[in-house]
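Notes follow once the structure below has been shown.
To find a chain, count down the sequence lines: A is the first, B the second, and so on, and within it residues start at 1.
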Amino acid sequence: MSKEEKKVNRRDFLFTASYTVGAVGVGAVIWPMIDQMNPDKAQQALATTEVDISSIEPGKSITVLWRGKPVFLKRRTSEEIAEARAVNLDDLPDPQKDEDRVKTGKDEWLVMLGVCTHLGCVPLKDKGDYNGWFCPCHGSHYDVSGRIRKGPAPTNMEIPKFEFVDNNTIKIG
Amino acid sequence: MSEQEYTPTSKAGKWFNDRLPLLTLGKHLTDYPTPKNLNYWWTFGGILTFCLITQIVTGIVLAMHYVAHADLAFASVEHIMRDVNYGWLIRYIHSNGASMFFLAVYIHIFRSLFYGSYKSPREVIWIIGLMIYLLMMAAAFMGYVLPWGQMSFWGATVITNLFSAIPLVGDSITTWLWGAYSVDNPTLNRFFSLHYLIPFLILGLVVLHIWALHVPGNNNPVGIDIKKPSKDTVPFHPYITIKDAFALLVFMIIFAGFVFFTPNVLGHSDNYIPANPLVTPAHIVPEWYLLPFYAILRSVPDKLGGVILMFSAIFILFVLPWLDTSKVRSAVFRPIYRQFFWILVIDVLMLGYVGAMPAEGVYLVLARVGTIYYFLHFIVVMPVVGYLEKTDPIPMSISEPVLSGGAEPSLARKVNDKV
């Protein structure tokens with residue numbers, strides 16, 4: 001009996017060891033197959049874009065392409081800034097101060113991904129109930145700071161990483 | 001598979017059949033005992049097989065001329081339309097073929113719902129069928145992306161962004177699906193690869209679907225178990241093949257009507273504008289066959305909630321055989337369920353309609369009502385009605401009509417068993 005038991009244990013060990021090595025092997029092969037679908041080096045190389053902003057008048061905006069996505073650069077008027085800052089934070093689905101969405105001292109420049117946080121459409125400017133952007137796909141309204149106010153989008157439009165290279169150039173990414 | 005061993009008559013046939021019994025399989029398929037009362041709603045299995053083969057054949061041909069690159073895809077599709085010999089015909093058959101495929105599959109699914117074909121012992125057939133349906137939707141979506149027009153691009157953007165609703169890992173999954181930081185050339189490339197793959201996965205599942213069907217045999221409009229073979233059955237060939245062929249011809253006339261007279265009516269004109277990542281079309285709508293689910297998605301004012309509800313609308317069908325508590329299969333003998341069935345049909349059609357309309361005002365209200373009913377139908381109506389409903393007497397066999405005098409079904413069966 002004890003001899004038989006020993007045999008079984010030995011076989012169990014071999015089974016477990018085989019399955020384990022097999023699983024590690026399969027995993028090691030599967031990971032490259034999965035990871036090859038992530039953005040490749042050519043895609044990652046497009047990580048930064050420099051934009052000349054000298055020709056943008058107050059109240060106007062331009063759209064540039066960064067990593068295949070539109071980025072809105074809006075030079076806001078002082079009234080628009082005042083309007084964005086007068087909003088009560090409790091009225092916002094995703095509370096965020098306008099000050100936290102711009103660079104200090106460069107308050108007139110709103111730089112954000114022009115991508116609706118619902119399902120990725122490009123919102124239309126100067127439309128909607130809040131004087132900001134309106135997404136035509138599923139009806140999300142954004143205010144003049146790009147914050148979500150009404151509709152299915154869960155969060156404010158995203159602020160990408162960016163910096164002022166000099167007074168006339170913004171580097172996104 | 002069949003009860004008696006089959007022996008080919010020719011010597012060569014016997015030699016081959018002993019080594020690979022393909023002739024036995026062929027004999028099984030021709031002799032396969034089929035209920036003699038199958039109506040024309042049962043012809044859509046054959047029609048769907050035709051649709052799949054049509055899509056595969058035209059698709060292989062299109063792939064010989066199409067270029068899966070963001071800079072060239074749109075032009076290559078126009079090249080197919082203008083320069084390739086009969087390219088316009090082949091592409092219109094392929095694009096309208098997708099719609100005809102879905103038309104047929106929806107009739108096929110609702111036939112199953114009406115006659116209770118999903119119930120025991122046919123649950124596995126039903127589940128394999130739903131897997132085919134899911135793959136069809138994936139293939140159709142990816143195929144729609146390939147021309148790289150505005151609707152292709154923005155449809156792809158919206159659908160892939162559904163995955164970004166997943167908490168924590170959503171954005172990583174979306175980027176992984178794209179292979180870029182937005183829908184871009186890597187996305188187009190992989191969609192082409194998968195679009196070419198999926199039809200063959202479907203073909204494999206179709207084989208399993210038919211195999212699983214041939215174990216219990218066909219359900220029938222009366223929904224009762226029958227003895228096979230018996231006077232209630234006919235051999236598949238020639239009785240069913242000729243009926244299927246006639247239905248297929250009628251179906252092909254409608255198909256040809258779309259291809260030759262209104263080839264673009266089911267598409268969207270915005271897709272003849274090349275993809276532009278900076279401008280979203282004013283009205284994004286999916287293809288008509290996805291509209292009911294789109295309406296469900298938009299009926300919820302919450303991103304994650306909408307996505308969950310939309311996927312639930314499909315996945316709830318997988319547990320349908322266990323939600324339905326009625327022992328009677330066919331709705332012919334279920335006076336209450338029958339009415340709810342038609343309400344569901346109207347509900348799904350209405351959801352499809354509001355899915356095409358802007359998500360505001362009365363359409364939003366209708367979408368919400370429709371969504372609530374859709375789920376109530378499966379979660380509440382099916383279990384409860386199955387429990388409470390007094391069903392009509394079921395006949396004892398296909399050949400014999402219901403006993404006159406309104407005998408109880410159970411009694412009728414007992415009497416018959418003794419005979």
Please check: side-chain N/O of B:Ser299 versus main-chain N/O of B:Arg368, any donor-acceptor pairing under 3.5 Å?
no
Identify the residues of residues 69-77 of chain A whose heavy atoms come closer than 4.5 Å to a heavy atom of chain B, ordered by number, or report 'none'.
A:Lys69, A:Pro70
Do B:Ser164 and B:Thr174 get their side chains close enough for a donor-acceptor pair, meaning under 3.5 Å?
no
Within the structure provided, determine whether B:Pro186 and A:Gln43 are in side-chain contact (heavy-atom separation under 4.5 Å).
yes
By number, which residues in residues 91-126 of chain A have some heavy atom less than 4.5 Å away from chain B?
A:Thr117, A:His118, A:Leu119, A:Gly120, A:Cys121, A:Val122
With chain A as the partner chain, list the residues of residues 273-291 of chain B whose heavy atoms fall under 4.5 Å from it, by residue number, and write 'none' if nothing qualifies.
B:Pro277, B:Leu278, B:Thr280, B:Pro281, B:Ala282, B:Ile284
So, the side chain of B:Arg298 versus the backbone of B:Gly355: is there a donor-acceptor pair under 3.5 Å, distance only?
yes
Take A:Asp166 and A:Thr169, measure what side-chain hydrogen bond (donor to acceptor under 3.5 Å, both in side chains) needs, and give me the verdict at the end.
CA-CA 5 Å; A:Asp166 55 50; A:Thr169 315; 3.1 Å; yes
Decide yes or no for B:Pro147 and B:Asn271: does some side-chain heavy atom of the first lie under 4.5 Å from some side-chain heavy atom of the second?
yes
Using ring centroids (six-membered ring only for Trp), state whether B:Phe293 and B:Phe311 fall under 6.0 Å.
no
Checking A:Gln44 side chain against A:Pro39 main chain: does a donor-acceptor pair fall under 3.5 Å?
yes
To the nearest 0.5 Å, what is the distance between CD1 on A:Ile172 and CD on A:Glu163?
11.0 Å
Max heavy-atom pair count under 4.5 Å with chain A, selected residue of B:Thr175, B:Val158, B:Leu297
B:Val158
Option passing ring pair (Phe, Tyr, Trp, His ring centres under 6.0 Å) with B:Trp148 (candidates B:Trp154, B:Phe153, B:Phe191):
B:Phe153
Output the option from A:Thr63, A:Asn38, A:Val64, A:Leu65 having the highest count of non-hydrogen pairs under 4.5 Å with chain B.
A:Asn38
Compare all side-chain heavy atoms of A:Tyr142 with those of A:Arg149 and state whether any distance is below 4.5 angstrom.
no
Non-neighbouring partners of A:Arg147 that pass salt bridge (charged side-chain N to carboxylate O under 4.0 Å, His left out), sequence neighbours left out:
A:Asp143
Using non-hydrogen atoms and a 4.5 Å limit, figure out which bit of B:Phe163 sits close to chain A: side chain, backbone, both or neither.
neither
So, for B:Tyr144 and B:His268, is the gap between ring centers shorter than 6.0 Å?
no
If you tally heavy-atom pairs under 4.5 Å between each of B:Asp302, B:Asn161, B:Leu304 and chain A, the highest tally belongs to B:Asn161
Could you tell me whether the side chain of B:Asn185 and the main chain of B:Ala70 form a donor-acceptor pair under 3.5 Å?
yes
Would you call the rings of B:Phe102 and B:Tyr106 parallel, tilted or perpendicular, taking 30° and 60° as the class edges?
tilted
